[in-house]
Amino acid sequence: MPVTVLLVDDEPLVRAGLRAVLEAQPDIEVVGEAGDGAAVIPLLRQLRPDVVAMDVRMPLMDGIEATRVVLRTVPEPPKILVVTTFENDEYVYEALRAGADGFLLKRARPAEIVHAVRLVAEGESLLFPAAVRQLAAEYGTSKARAAMERASLTEREAAVLRLMARGLSNAEIAAKLVVGVETVKTHVSAVLAKLGARDRTQAVIAAYESGFVSPS
């Protein structure tokens, strides 16, 4: 089955460009478009896409608020890929904190766009580059540090979280630690539960905000 994608951007040319790139792939299908975050919920219920590629800045409802609404109101929500012009934009970081699964630069090459959609659809690795890591570290708080201490991660769980923060997939983590993929999945689930994180992105944000992982 192809990965289905909903495009949400107030610029028709951006939507057209993304559609052309994605629909050139045999395993990706663009099932719909919207010009604002306010139109997302009805389309999600109608089309049930696997991934929403959503502009972070739109006139009526931006990508941050739209992400919050989707995760609050949609059962089994899709993966959300935030589309932005600047990688160090604080809007991007706020969208990730709100629950987005990764982000994509509008100037990205076609191969990078396709890779980003496939990556978030799989849900086993992250789009979390250096600029966003630095923002996460700058947002660090004593509350985040206290929460990380309370989590009391085991030595192996801590190692898994550090590798997650580097963007490695479960298979890549398994190779690094010389364990099975199913073992890694068990550790990842334990990390998410202990941190109270919805997904890998939220766990990695917690790791950077708490200082558990350094952005350098």
Side-chain angles (χ1 to χ4, degrees), residues 1-12 14-15 18-19 22-23 28-85 89-106 113 116-128 132 135-136 139 141 143-144 147 151 164 185 188-189 191-209:
M1 295 291 291
V3 174
T4 54
V5 182
L6 172 66
L7 304 176
V8 186
D9 196 297
D10 61 331
E11 298 182 37
V14 171
R15 297 200 307 271
L18 289 173
R19 178 182 280 274
L22 295 174
E23 291 200 328
I28 299 176
E29 178 185 359
V30 176
V31 294
E33 297 183 16
D36 194 87
V40 169
I41 297 299
L43 286 174
L44 289 185
R45 290 173 175 156
Q46 175 188 350
L47 302 171
R48 302 184 64 81
D50 300 311
V51 176
V52 178
M54 181 153 54
D55 190 10
V56 74
R57 300 194 187 203
M58 293 177 285
L60 298 179
M61 181 184 290
D62 64 27
I64 301 169
E65 183 57 28
T67 295
R68 292 193 183 106
V69 171
V70 167
L71 296 179
R72 189 170 62 240
T73 62
V74 178
E76 300 181 9
K79 301 292 184 179
I80 297 176
L81 183 61
V82 175
V83 182
T84 182
T85 303
D89 191 342
E90 291 190 12
Y91 278 81
V92 172
Y93 182 62
E94 288 301 325
L96 291 171
R97 291 185 83 193
D101 298 282
F103 85 97
L104 173 68
L105 289 173
K106 291 187 178 182
I113 294 170
V117 168
R118 288 175 178 152
L119 199 64
V120 298
E122 291 167 0
E124 288 195 356
S125 51
L126 298 177
L127 294 167
F128 211 88
V132 179
L135 281 174
Y139 274 78
T141 63
K143 182 179 178 181
M164 286 167 59
K185 289 180 179 179
V188 170
S189 296
V191 169
L192 298 187
K194 287 185 176 182
L195 294 176
R198 185 182 74 89
D199 55 24
R200 296 169 84 100
T201 301
Q202 303 306 302
V204 170
I205 286 174
Y208 283 111
E209 286 188 342

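A quick note: this is a predicted structure, and the numbers were derived from the prediction, not measured.
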Keeping D50 on the side-chain end and A121 on the backbone end, is there a donor-acceptor pair under 3.5 Å?
no
Shortest non-hydrogen contact between G32 and L47, atoms and distance:
CA-CD1, 3.9 Å
Under the criterion side chain to side chain contact (heavy atoms under 4.5 Å, CB included), which of V51, V52, L71 is the partner of P78?
V52
Note: L195 and A151 closest approach over all heavy atoms is CD2-CB, 3.6 Å
Answer yes or no: is there an ion pair linking D10 with R57, defined by an N-O contact shorter than 4.0 Å?
no
E33 side, atom CD; L43 side, atom CG - distance, nearest 0.5 Å:
10.0 Å
Under 4.0 Å between a Lys/Arg side-chain N and an Asp/Glu carboxylate O for E209 and R97?
yes
Salt bridge check: are K79 and E122 linked by an N-O gap of less than 4.0 Å?
no
Within 6.0 Å of CZ in R48, more than 12 heavy atoms from elsewhere
no
Any idea which heavy atoms bring Q202 and G99 closest together, and the distance?
NE2-CA, 3.4 Å
As an exercise, state the distance from CG of L104 to CE of M54, rounded to the nearest 0.5 Å.
13.0 Å
Check: R68 side chain, A98 main-chain N or O, donor-acceptor pair, under 3.5 Å
no
Which heavy atom of A197 sits nearest to which heavy atom of A203, and what is that distance?
CB-N, 3.6 Å
Hey, is the main chain of M58 close enough, under 3.5 Å, to the side chain of D55 for a donor-acceptor pair?
no
Between atom CG of L60 and atom CG of D36, what is the distance when rounded to the nearest 0.5 Å?
4.0 Å
